[in-house]
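Hydrogens, waters and symmetry mates play no part in the numbers below; they use all other heavy atoms, side chains included. We count residues from 1, following the sequence as given.
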Amino acid sequence: MWGNDGSWVGSDARTIARAVTNREVSASQVLDDHLAHIKARNPELNAVVTVAEDQAIRAADDLDTRIGRGEDVGPLAGVPFTVKDLIATAGVRTTAGSRALEHNVPSVDAPAVAAMRTAGAILVGKTNTPEFGASGLTHNDLFGYTVNPLRPDGVARSPGGSSGGEAAAVASGMSVVGLGTDFGGSVRWPAHCTGLRSVRPTIGRVDPDGQYPGVPSGDHVLTNPATMHGTLQTIGPMARTLDDAALMLRVLSSRQYHWTDPGSVDLARLDITWAPGEGTVPVGEEIAAAAAGAARHLGARPYEGGALSEGNDLFGRLRAVETHTDIIELGTDFGNNIATMLADARDVDRRLVERLWAQRAELVHRLLGEMGDVLVLPVASIPAPPLGDEVFDVGGQSLTWSQALASCRAISVTGLPSVVVPVGSTRSGLPIGVQVVARPWCEHVALAVAARL
């Protein structure tokens with residue numbers, strides 16, 4: 001869709017790529033529109049912490065030249081995208097929101113970033129994140145707070161986290177699509193807070209390398225499979241439309257994994273269950289009602305198993321036995337949140353760690369036996385919170401941000417794919433999203449169900 005001022009800001013990825021490929025508009029013009037929009041909106045939102053203007057201009061010029069020669073430039077030709085500042089970008093500062101990496105400029109792209117560039121997308125900047133993504137609210141000592149572009153009730157709010165800068169950039173039109181990361185809900189919760197669509201893929205669907213913290217290896221940053229963070233965190237797409245999120249996921253999907261078109265899914269044959277929450281933490285009435293409405297629309301049956309209610313607790317117990325060695329080895333100049341996390345870390349009996357991972361394997365097995373083909377549940381207990389708030393009242397119970405994300409954490413620990421799509425809004429106009437969780441490698445099923453909503 002055209003912006004009201006005749007610019008390409010607000011257009012979806014497919015529309016831009018088609019127009020650029022057909023030479024209806026140059027990649028350079030699309031880029032200019034978005035760079036101007038960043039200059040206009042970012043001072044208010046503080047979403048983009050490093051603008052890759054010079055590199056982006058060169059990339060757009062090169063793309064236009066290649067199109068002029070008749071080359072195939074990919075399905076995201078000329079689409080401006082942003083990347084969460086936890087993910088390595090060649091030649092563009094990548095800080096992970098930490099003073100320890102304030103001047104870090106990688107020389108190699110994360111594979112996910114490389115895949116986007118190969119598909120013709122143009123990197124316009126890096127987006128804010130809490131330090132090392134270790135919070136559900138986006139602020140850090142290096143760059144400060146990111147502000148949600150949505151303010152229907154006049155209250156300045158957080159875009160969630162830890163991909164909050166990415167959500168704010170995409171939702172405000174500063175980029176068309178973006179790359180976030182998801183550990184305990186970090187692409188799902190910000191999508192819920194800003195009315196976006198996002199995908200947490202099956203673990204392994206998207207190459208996880210290039211994320212901080214990780215294992216430095218020459219010019220690369222590798223994922224540490226011995227850590228919970230390295231095992232469960234994944235890179236995922238964020239977009240304003242579900243079609244764009246699906247297109248991104250196909251671009252990002254590792255070649256060794258088969259891709260199935262969501263359009264091939266027969267929804268009438270699916271066994272869909274739903275839950276008003278993960279079962280142990282209260283969920284706001286408006287959010288639970290929106291999930292129930294989505295379930296009715298899908299003809300879902302109530303989830304009646306017991307595995308879901310154990311997931312959040314197991315996520316927390318696994319997190320508690322992390323030593324965070326990958327962070328410690330990066331230096332000592334950390335903010336209060338990371339310093340406290342490191343101070344609380346302790347060595348534990350290896351047998352305890354192995355027992356917890358065994359419990360995780362058993363939990364996944366039971367949940368798959370209980371959930372049917374798809375499980376629908378809320379993203380969080382609350383909508384986008386007021387900026388600076390850290391504790392939230394839900395039904396008379398005080399919740400921290402991590403408790404408010406119990407429904408996300410319960411799914412994270414399983415590694416199952418989850419698509420977030422908005423299904424309603426609160427009385428004050430804040431968006432409400434639901435998770436559509438599918439079985440491993442069945443992102444196409446989750447996308448098909450989400451499209452129905």
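Looking at P213 and H324, their side chains never come closer than 4.5 Å, going by heavy atoms from C-beta outward. By the 4.5 Å heavy-atom criterion applied to side chains, L76 and M116 are counted as neighbours. Considering only heavy atoms from C-beta on, S98 stays 4.5 Å or farther from L330 through its side chain. A heavy-atom distance below 4.5 Å is not found between the side chains of L298 and L267. Side-chain contact between V92 and V83: absent, with no pair of heavy atoms (C-beta onward) separated by less than 4.5 Å. Residues L31 and E53 fail the side-chain proximity criterion, which asks for heavy atoms closer than 4.5 Å. Side-chain contact between S26 and V20 is absent, with no heavy-atom pair separated by less than 4.5 Å. Contact annotation: the side chain of S186 approaches that of S163 to within less than 4.5 Å [non-hydrogen atoms, C-beta and beyond].
No hydrogens or angles considered: nothing links the side chains of T234 and D182 as a donor-acceptor pair under 3.5 Å. Checked by atom type, the side-chain pair T89/T94 shows a donor-acceptor distance below 3.5 Å. T95 and D85 form a side-chain donor-acceptor contact under 3.5 Å, judged by distance and modelled atom types alone.
Residues meeting the side-chain contact (heavy atoms from CB on, under 4.5 Å) test with D33, sequence neighbours left out: S7, W8, V9, Q29. Residues that satisfy the side-chain contact (heavy atoms from CB on, under 4.5 Å) test with A59, not counting sequence neighbours, are I122. In terms of the side-chain contact (heavy atoms from CB on, under 4.5 Å) criterion, residue partners of V155 (sequence neighbours excluded) are, by chain and number, D153, R157, P386. Residues satisfying the ring pair (Phe, Tyr, Trp, His ring centres under 6.0 Å) criterion with F183, sequence neighbours excluded, are H229, F315. Shown here are the side-chain contact (heavy atoms from CB on, under 4.5 Å) partners of D54, two or more places apart in sequence or in another chain: R58. Contacts of D32 classified as side chain to side chain donor-acceptor pair (under 3.5 Å), with partners at least two apart in sequence or in another chain: none. Under the ring pair (Phe, Tyr, Trp, His ring centres under 6.0 Å) criterion, H139 pairs with Y145, not counting sequence neighbours. Among residues two or more places apart in sequence or in another chain, the side chain to side chain donor-acceptor pair (under 3.5 Å) test is passed with N337 by none.
The nearest pair of heavy atoms linking P159 to C193 is O-CB, 3.5 Å. Between P431 and T194, the shortest heavy-atom contact is CG-C, 4.0 Å. Of all heavy-atom pairs between A13 and V176, the closest is N-CG1, 3.6 Å. Closest non-hydrogen pair, R452 versus H297, comes out as O-NE2, 3.1 Å.
Within the structure, salt bridge (charged side-chain N to carboxylate O under 4.0 Å, His left out) pairs that include any residue of residues 90-105 comprise R99-D141 (at least two apart or interchain). Within the structure, side chain to side chain donor-acceptor pair (under 3.5 Å) pairs that include any residue of residues 429-443 comprise R188-Q435, T202-E443, R205-E443, S418-Q435 (at least two apart or interchain). Sorted by first then second residue, the salt bridge (charged side-chain N to carboxylate O under 4.0 Å, His left out) pairs that include residues 243-252, not counting sequence neighbours, are R14-D243. Here salt bridge (charged side-chain N to carboxylate O under 4.0 Å, His left out) pairs that include residues 259-275, with residues two or more places apart or in two chains, are D271-R301.
Taking CD of E131 as the start and CG of L86 as the end, the distance is 10.5 Å to the nearest 0.5 Å.
Judged purely by atom type and a 3.5 angstrom limit, S254 has no side-chain atom pairing as donor or acceptor with the backbone of Q256.
Applying side-chain hydrogen bond (donor to acceptor under 3.5 Å, both in side chains) to N140 and the options N128, T146, T129 leaves one that passes, N128.
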